[in-house]
Amino acid sequence: MKHSKKIIFALLALAMSNTSMAAPMPLDRVSVQINDGIILESEITNMVSTVKANAKAANQTLPSDDALRTQVIERLILTHLQMQMAERIGLQIGDLQLDQTIENIAKEQKVTVAQMQQTIESEGTSFSQYREQLRQEVTLGEIQRIQVQRRIQVSPQEISGLVKLIQEQGLKDVEFQIGHILIEVPSNPTSEQLEGASRRAEIVLKRLNNGDDFRSTAIASSSGPKALEGGIWDFMNINEMPTLFAEVISNAKKGDIIGPIKSGSGFHIIKVVDTRGLQTQEVEEVKSRHILLKPSPILSEDRAKAMLANFLAQVRAGDADFAKLATQYSEDPGSAAKAGELGWADPSMYVPEFTQTLASLQEGQYSEPFRTTHGWHVVQLESRRKTDATEQFNSNRAHQLIFRRKFNEELQNWLDEMRSEAYIEIVEPESKRG
């Protein structure tokens with residue numbers, strides 16, 4: 001059993017006018033203690049305001065303030081736990097990597113960084129605040145990749161089974177946008193707890209069938225990973241979605257509501273929000289080669305970037321051979337042994353920054369040094385080609401689909417484990433204490 005810990009309340013300084021006593025500012029307070037960290041009331045208030053503003057812009061109804069507050073607190077708890085894990089393992093997103101990410105976002109939006117900054121500030125957010133929000137998002141993505149990826153194994157049998165299914169279906173497929181509500185039960189629940197959760201699930205299902213808005217119901221009732229997004233998952237085909245979804249929606253149509261479905265975590269209600277078809281098309285593959293340098297305590301971000309810039313200058317001047325540099329210096333073991341060659345591949349299999357950089361290059365052109373989650377790269381696009389969906393492509397695609405499905409499942413398992421092992425105390429405001 002975890003022992004209670006003493007809560008340390010943080011008091012922020014009261015702003016005072018230079019000329020007279022100003023109206024008293026409300027004091028911030030600790031609302032949640034998570035291990036050795038805290039969530040302030042101002043964090044909760046700011047996120048609630050953001051969710052409300054987004055909902056208003058999307059003409060989306062929301063549940064009661066209490067239900068929304070509960071969901072926001074849960075999201076902040078999971079965010080803080082992940083950031084604490086990142087700090088423990090020494091994961092930091094430096095300014096150079098952040099600058100590279102911002103440049104990539106600007107390129108994707110077909111604007112300059114200056115134009116993007118102007119747009120952000122015109123919407124009432126300072127650019128420095130945007131940078132720190134983005135730093136946190138990148139950190140969360142990195143810590144999830146590091147911690148979850150190693151928990152996933154994809155067997156050759158799973159790949160071959162899915163390849164066979166892909167070949168039977170061809171590339172004509174359907175993507176589903178799924179709505180999901182989870183009525184959670186505790187570990188090792190009693191019969192009373194199970195019955196109570198089952199009753200709540202039936203009540204939620206009845207409300208949905210009577211026309212209640214799914215998104216606001218999910219925000220109010222769901223314990224699922226997408227609760228704060230109204231329970232809505234992005235479009236997925238049946239092969240990449242969580243197994244529970246795939247098992248029940250194969251014959252479903254848009255608008256169908258399915259459930260409650262019992263699992264170890266509780267009772268699930270699933271809605272097919274939308275569907276869309278995938279058309280068969282030729283696949284464009286790229287042939288490229290690269291050099292990768294990984295920043296470390298010995299090799300700084302600045303030094304890694306400068307070394308690659310120097311390599312490029314030597315290659316362009318004819319003073320060095322790219323293949324020899326890749327063999328000698330690249331820290332990608334798979335390609336360094338092949339003089340940096342990555343071979344023919346569907347560019348979407350690479351991390352987004354790498355894919356985006358390849359898309360911006362002409363055949364034979366070298367990129368400038370750029371940062372991905374793996375480190376600093378320079379890449380040369382050697383050639384492009386159009387090809388049919390070959391057996392190798394289907395094998396790669398099958399691996400990606402299975403990996404994405406397992407990643408979503410294992411991410412939720414990892415978050416649940418972290419939360420169950422953490423010391424968490426929610427401090428209710430005095431007005432709610434009885």
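Every value quoted in this text rests on a predicted model; they were computed, and no experiment measured them.
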How long is the straight-line distance from [atom2] of [Y] back to [atom1] of [X], given to the nearest 0.5 Å?
X	Y	atom1	atom2	answer
Asp99	Arg371	CG	CZ	12.0 Å
Glu137	Thr139	CD	OG1	10.0 Å
Leu293	Asp332	CG	CG	11.0 Å
Asp346	Gln400	CG	CD	6.5 Å
Lys262	Ile183	NZ	CD1	14.0 Å
Ile269	Thr217	CD1	OG1	9.0 Å

Requested in this report: Quick one: do Asn413 and Glu410 satisfy side-chain contact (heavy atoms from CB on, under 4.5 Å)? Show the steps, please.
Outcome: CA-CA 5 Å; Asn413 291 338; Glu410 285 299 324; 3.7 Å; yes

Is any side-chain heavy atom of [Y] closer than 4.5 Å to one of [X]?
X	Y	answer
Ile249	Phe176	yes
Gln362	Leu381	no
His80	Ile39	yes
Lys253	Thr275	no
Trp233	Met241	no
Leu205	Pro260	yes
Thr112	Gln115	yes
Val379	Ile291	no

What I want to check is whether the side chains of [X] and [Y] have a donor and an acceptor closer together than 3.5 Å.
X	Y	result
Ser288	Glu382	no
Gln60	Asp213	yes
Ser263	His268	yes

Heavy-atom neighbours of [X] [atom1] exceed 12 at 6.0 Å:
X	atom1	answer
Arg384	CZ	yes
Asn210	CG	yes
Glu132	CD	yes
Arg404	CZ	no
Gln118	CD	no
Gln92	CD	no
Asp234	CG	no

Give me the one residue out of [options] that meets side chain to side chain contact (heavy atoms under 4.5 Å, CB included) with [X].
X	options	answer
Ile232	Lys226, His180, Arg215	Arg215
Lys406	Val148, Thr243, Ile152	Ile152
Leu415	Glu417, Met418, Arg419	Met418

Please check: side-chain N/O of [X] versus main-chain N/O of [Y], any donor-acceptor pairing under 3.5 Å?
X	Y	answer
Ser122	Thr119	yes
Ser335	Leu342	no
Gln84	Ile34	yes
Ser216	Pro63	no
Gln109	Ala106	no
Gln33	Asn35	yes
Thr355	Val351	yes
Gln136	Gln133	no

Requested in this report: Starting from the C-alpha separation in whole Å, work towards a yes-or-no answer on side-chain contact (heavy atoms from CB on, under 4.5 Å) for Ile178 and Val273.
Outcome: CA-CA 6 Å; Ile178 301 298; Val273 178; over 6 Å; no

Query raised in the report: So Val378 and Phe370, side-chain contact (heavy atoms from CB on, under 4.5 Å) or not? Walk me through it.
Result: CA-CA 7 Å; Val378 288; Phe370 65 99; 5.8 Å; no

Taking only Lys NZ, Arg NE, NH1 and NH2, and the carboxylate oxygens of Asp or Glu, determine whether [X] and [Y] approach each other closer than 4.0 Å.
X	Y	result
Glu229	Arg75	yes
Lys271	Asp256	no
Glu331	Lys294	no
Arg385	Glu285	yes
Arg69	Glu41	yes
Arg199	Glu202	no
Arg131	Asp95	yes

Query raised in the report: Could you go step by step and tell me if Asp416 and Gln412 meet the side-chain hydrogen bond (donor to acceptor under 3.5 Å, both in side chains) rule?
Result: CA-CA 6 Å; Asp416 289 344; Gln412 188 59 43; 3.0 Å; yes

Query - Nearest non-hydrogen partners of Lys305 and Leu96, listed with the distance - result: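 Looking at all heavy atoms of both residues, the shortest contact is NZ-CD2, 4.0 Å.
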
Query raised in the report: Which pair of heavy atoms, one from Val163 and one from Ala398, lies closest together, and at what distance?
Result: CG2-CB, 3.9 Å

Requested in this report: Measure from NZ or CZ of Arg200 to the centre of the six-membered ring of Phe267 and say whether it is under 6.0 Å with the direction within 45° of the ring axis.
Outcome: no

Query raised in the report: Which is it for Asp28 and Ser42 under the side-chain hydrogen bond (donor to acceptor under 3.5 Å, both in side chains) test, yes or no, and what are the steps along the way?
Result: CA-CA 6 Å; Asp28 210 345; Ser42 57; 2.6 Å; yes

**Report entry** Steps toward side-chain hydrogen bond (donor to acceptor under 3.5 Å, both in side chains) verdict (Gln380, Gln365)
**Finding:** CA-CA 6 Å; Gln380 182 189 32; Gln365 186 179 5; over 6 Å; no

Query raised in the report: When the ring planes of Tyr130 and Phe127 are compared, do they come out parallel, tilted or perpendicular, using 30° and 60° as the limits?
Result: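 If you compare the ring of Tyr130 with that of Phe127, the planes turn out parallel.
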
Query raised in the report: When the ring centroid of His290 is compared with that of Phe354, is the distance short of 6.0 Å?
Result: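 Here the rings of Phe354 and His290 have centres that are less than 6.0 Å from each other.
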
Query - Test log, rule side-chain contact (heavy atoms from CB on, under 4.5 Å), inputs Trp414 and Gln82 - result: CA-CA 10 Å; Trp414 175 63; Gln82 292 174 84; 3.9 Å; yes

